[in-house]
Engineer: 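This is the structure I want to talk about, given as structure tokens.
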Protein chains: 2
Amino acid sequence: MTATRDLTRNQSLVLGALEHADGPLSAYTILDRLRDAGFRAPLQVYRALDKLTEFGLVHRLESLNAFVACAHGHDHGHAHAHGIVAFAICDTCGKVDEFSDDEVTSRLNGWARDAGFRASKTTIELRGECAGCLAAA
Amino acid sequence: MTATRDLTRNQSLVLGALEHADGPLSAYTILDRLRDAGFRAPLQVYRALDKLTEFGLVHRLESLNAFVACAHGHDHGHAHAHGIVAFAICDTCGKVDEFSDDEVTSRLNGWARDAGFRASKTTIELRGECAGCLAAA
DNA sequence: AATTGGATGTAATGTTATTACGTTAGGAGG
DNA sequence: CCTCCTAACGTAATAACATTACATCCAATT
Ligand SMILES: [Zn+2]
Ligand SMILES: [Zn+2]
Ligand SMILES: [Zn+2]
Ligand SMILES: [Zn+2]
């Protein structure tokens, strides 16, 4: 059983913004959407994002400089461990698909073991066009 | 046989800066190092990087917002096709190891095929600590 | 009450990337 | 030679993303 975590007000607001969005949001977009809730400065967003990422509730998309709520079903503050996670990002509609592949994880871990490299974070991002957008084109 | 490509002066300078560096460089660091060669503005660097990346001579490290010369041995302007390339980036010493794994490539391509996703670019980056730094610690 | 640590508020600054606009160099074709 | 076209270049301004610095607040502990 994974422990439920108490989120602070700012963390809840940022997580909520990401969960209600239809795609990844930049920190500054989140800031804009939370102005009415009292947000004033980027740091309020970045601090919350740091914690949410640490808790595994939010992922940062490096190739986009943006953030998404974790796609795995879980209640607020109730996370679960990820293996290596991959993202397929549609450059046309912005949709993001989060997935994970044990064989990929195992090969990358194997490479790291052989190289004596200790990985603390691994990023896998596919940029391209999703099935829906390809069909529409 | 892959065609040799003529690089422009700016492209050669930027590629040279990356090849002589001992690690990834940000666009602005490249700019600073090329001041004496007449560089004045970020765009000069970004334009050269765009082309070099397109030619496969340079890779962008998304998690670092920085660039490295391709590790594969090739003469200036003489590139070769990559499959999906992965990078192991040491957060301690900055060293970058470029590698490629057919099984990883095949699994990711397989996922994309099944999902109907057409990937135009795939990023794999391991952040952590290299063998040398782990031994030194 | 004093101390501690985490979270917060705010301003200033630093870093990375792009837009806009004008100029230059070189090849293709008349 | 001259015009058209295209790719590359030069420069300035601005936009977008992220961090540093410093003060304050508050709850838990001693
Ligand atoms: Zn997730
Ligand atoms: Zn799409
Ligand atoms: Zn390469
Ligand atoms: Zn190292």
Side-chain angles (χ1 to χ4, degrees), chain A residues 3 5-18 21 23-55 57-68 76-77 89 91 94 121 123 125 127, chain B residues 3 5-18 21 23-55 57-68 76-77 89 91 94 121 123 125 127:
Chain A
R5 208 181 297 269
D6 281 339
L7 298 181
T8 67
R9 169 179 159 83
N10 285 2
Q11 289 161 14
S12 293
L13 287 167
V14 168
L15 181 56
L18 287 172
L25 298 180
S26 76
Y28 278 74
T29 301
I30 296 170
L31 175 58
D32 286 342
R33 297 195 181 180
L34 293 178
R35 295 268 181 208
D36 291 346
F39 274 48
R40 297 267 158 265
L43 197 49
Q44 295 176 289
V45 178
Y46 283 109
R47 286 203 271 231
L49 287 171
D50 283 348
K51 284 299 180 187
L52 292 168
T53 299
E54 179 187 327
F55 299 159
L57 299 172
V58 162
H59 300 287
R60 172 182 173 83
L61 300 177
E62 299 289 353
S63 71
L64 237 40
N65 294 329
F67 303 83
V68 283
H76 274 213
I89 301 163
D91 290 327
K121 189 193 176 204
T123 296
E125 295 176 19
R127 297 286 297 272
Chain B
R5 207 181 297 267
D6 280 338
L7 298 182
T8 66
R9 168 178 158 84
N10 284 3
Q11 288 162 15
S12 294
L13 287 167
V14 168
L15 181 56
L18 287 172
L25 299 180
S26 76
Y28 278 77
T29 301
I30 296 171
L31 175 57
D32 286 340
R33 296 197 182 178
L34 294 178
R35 295 269 181 209
D36 292 345
F39 274 49
R40 298 267 157 270
L43 198 49
Q44 295 177 288
V45 178
Y46 282 110
R47 285 202 271 230
L49 287 171
D50 282 349
K51 285 300 180 187
L52 292 169
T53 299
E54 179 186 328
F55 299 158
L57 299 172
V58 162
H59 299 287
R60 172 181 171 82
L61 301 177
E62 299 288 353
S63 71
L64 237 39
N65 294 329
F67 302 83
V68 282
H76 274 212
I89 302 163
D91 290 328
K121 189 195 175 202
T123 297
E125 296 176 18
R127 298 285 298 271

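Because the structure is predicted, anything quoted here is derived from the model rather than measured. Order of the sequence lines fixes the chain letters, A, B, ..., with proteins taken first and strands second; residue numbering starts at 1 for each chain.
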Engineer: How long is the line joining CG of B:L25 and P of C:dA17, in whole Å?
Structural biologist: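 Going from B:L25 (CG) to C:dA17 (P), I get 13 Å.
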
Engineer: How far apart are the closest heavy atoms of B:P24 and B:A66, and which atoms are they?
Structural biologist: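 Smallest heavy-atom distance, with atoms named: CB-CB, 3.9 Å.
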
Engineer: Under 3.5 Å, is there any donor-acceptor pair linking the side chain of B:Y28 to the base of C:dA17?
Structural biologist: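 Answer is yes: a donor-acceptor pair is held.
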
Engineer: On DNA chain D, does the nearest nucleotide to A:A66 precede the nearest nucleotide to B:P42 from the 5' side, or the other way round? Give the residue.
Structural biologist: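 The residue whose closest nucleotide sits nearer the 5' end is B:P42.
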
Engineer: Using a cut-off of less than 4.0 Å, is there contact between a side-chain N or O of B:Q44 and OP1 or OP2 of D:dC9?
Structural biologist: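 Checking D:dC9 against B:Q44, no side-chain N or O comes under 4.0 Å of OP1 or OP2.
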
Engineer: How many whole angstroms separate atom CG of A:D32 from atom C1' of D:dA15?
Structural biologist: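 Distance check: A:D32 CG to D:dA15 C1' gives 13 Å.
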
Engineer: Expressed as a whole number of angstroms, how long is the span from A:L13:CG to C:dA7:P?
Structural biologist: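 Rounded to whole Å, this separation is 15 Å.
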
Engineer: Hey, does the side-chain of A:R47 have a donor or acceptor N/O within less than 3.5 Å of a partner on the base of C:dG6?
Structural biologist: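 In this structure, the two groups form no donor-acceptor pair.
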
Engineer: Counting side-chain heavy atoms from C-beta on, which of C:dT16, D:dT11, C:dT8 comes nearest to A:Q11?
Structural biologist: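 So the side chain of A:Q11 is nearest to C:dT8.
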
Engineer: Does A:K121 come within less than 4.0 Å of A:E62, counting only side-chain N to carboxylate O?
Structural biologist: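 Between A:E62 and A:K121 there is a salt bridge, with a charged N closer than 4.0 Å to a carboxylate O.
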
Engineer: How many Å lie between CD on B:E62 and P on D:dA18, as a whole number?
Structural biologist: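 Going from CD in B:E62 over to P in D:dA18 covers 12 Å.
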
Engineer: Tell me: CG of B:L31 to P of C:dA17, nearest whole Å?
Structural biologist: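 After rounding, the gap between these two atoms is 13 Å.
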
Engineer: Could you tell me the separation between the CZ atom of A:R9 and the C1' atom of C:dG9, rounded to a whole number of Å?
Structural biologist: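 Atom-to-atom, A:R9 to C:dG9, this comes out as 13 Å.
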
Engineer: Would you check if the side chain of A:R60 reaches a backbone N or O of A:T53 as a donor-acceptor pair within less than 3.5 Å?
Structural biologist: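 No, because the side chain of A:R60 does not come within donor-acceptor range (under 3.5 Å) of the backbone of A:T53.
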
Engineer: Does B:R40 place a side-chain N or O at less than 4.0 Å from the phosphate oxygens OP1/OP2 of D:dA13?
Structural biologist: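 Result: no.
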
Engineer: Are any of B:N10's side-chain N or O atoms less than 4.0 Å away from OP1 or OP2 of D:dG10?
Structural biologist: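 Answer yes for this pair, as a side-chain N or O of B:N10 is under 4.0 Å from OP1 or OP2.
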
Engineer: Less than 4.0 Å between a side-chain N and a carboxylate O, is that true for A:R47 and A:D50?
Structural biologist: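 No, A:D50 and A:R47 are not salt-bridged.
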
Engineer: Would you please confirm or rule out a distance under 4.0 Å between OP1 or OP2 of D:dC17 and any side-chain N or O of A:R60?
Structural biologist: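 False: A:R60 side-chain N/O out of range (4.0 Å or more) of D:dC17 OP1/OP2.
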
Engineer: Does A:S26 have a side-chain nitrogen or oxygen under 4.0 Å from the phosphate oxygens OP1 or OP2 of D:dC17?
Structural biologist: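 True: A:S26 side-chain N/O within range (under 4.0 Å) of D:dC17 OP1/OP2.
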
Engineer: Would you mind telling me which residue lines up with the more 5' stretch of DNA chain D, A:T29 or B:L43, judged by nearest nucleotide?
Structural biologist: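 Checking each residue's closest nucleotide, the 5'-ward one belongs to B:L43.
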
Engineer: Does OP1 or OP2 of D:dA16 have a side-chain N or O of A:N65 closer than 4.0 Å?
Structural biologist: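 Looking at the OP1 and OP2 atoms of D:dA16, neither is under 4.0 Å from any side-chain N or O of A:N65.
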
Engineer: In whole angstrom, give the distance that lies between atom OH of A:Y46 and atom C1' of C:dT15.
Structural biologist: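 For the pair A:Y46 OH and C:dT15 C1', the rounded distance is 11 Å.
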
Engineer: What is the separation between atom CG on A:L49 and atom P on D:dA18, rounded to the nearest whole Å?
Structural biologist: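 Atom CG in A:L49 sits about 9 Å away from atom P in D:dA18.
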
Engineer: Report yes if a side-chain nitrogen or oxygen of A:T8 is closer than 4.0 Å to either non-bridging phosphate oxygen (OP1 or OP2) of C:dG6; otherwise report no.
Structural biologist: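 Looking at the OP1 and OP2 atoms of C:dG6, neither is under 4.0 Å from any side-chain N or O of A:T8.
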
Engineer: I'd like to know if the side chain of B:R33 reaches the main chain of B:A17, judged simply by a donor and an acceptor atom lying under 3.5 Å from each other, with no hydrogens or angles considered.
Structural biologist: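 No; judged by distance alone, with no hydrogens or angles, the pair does not exist.
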
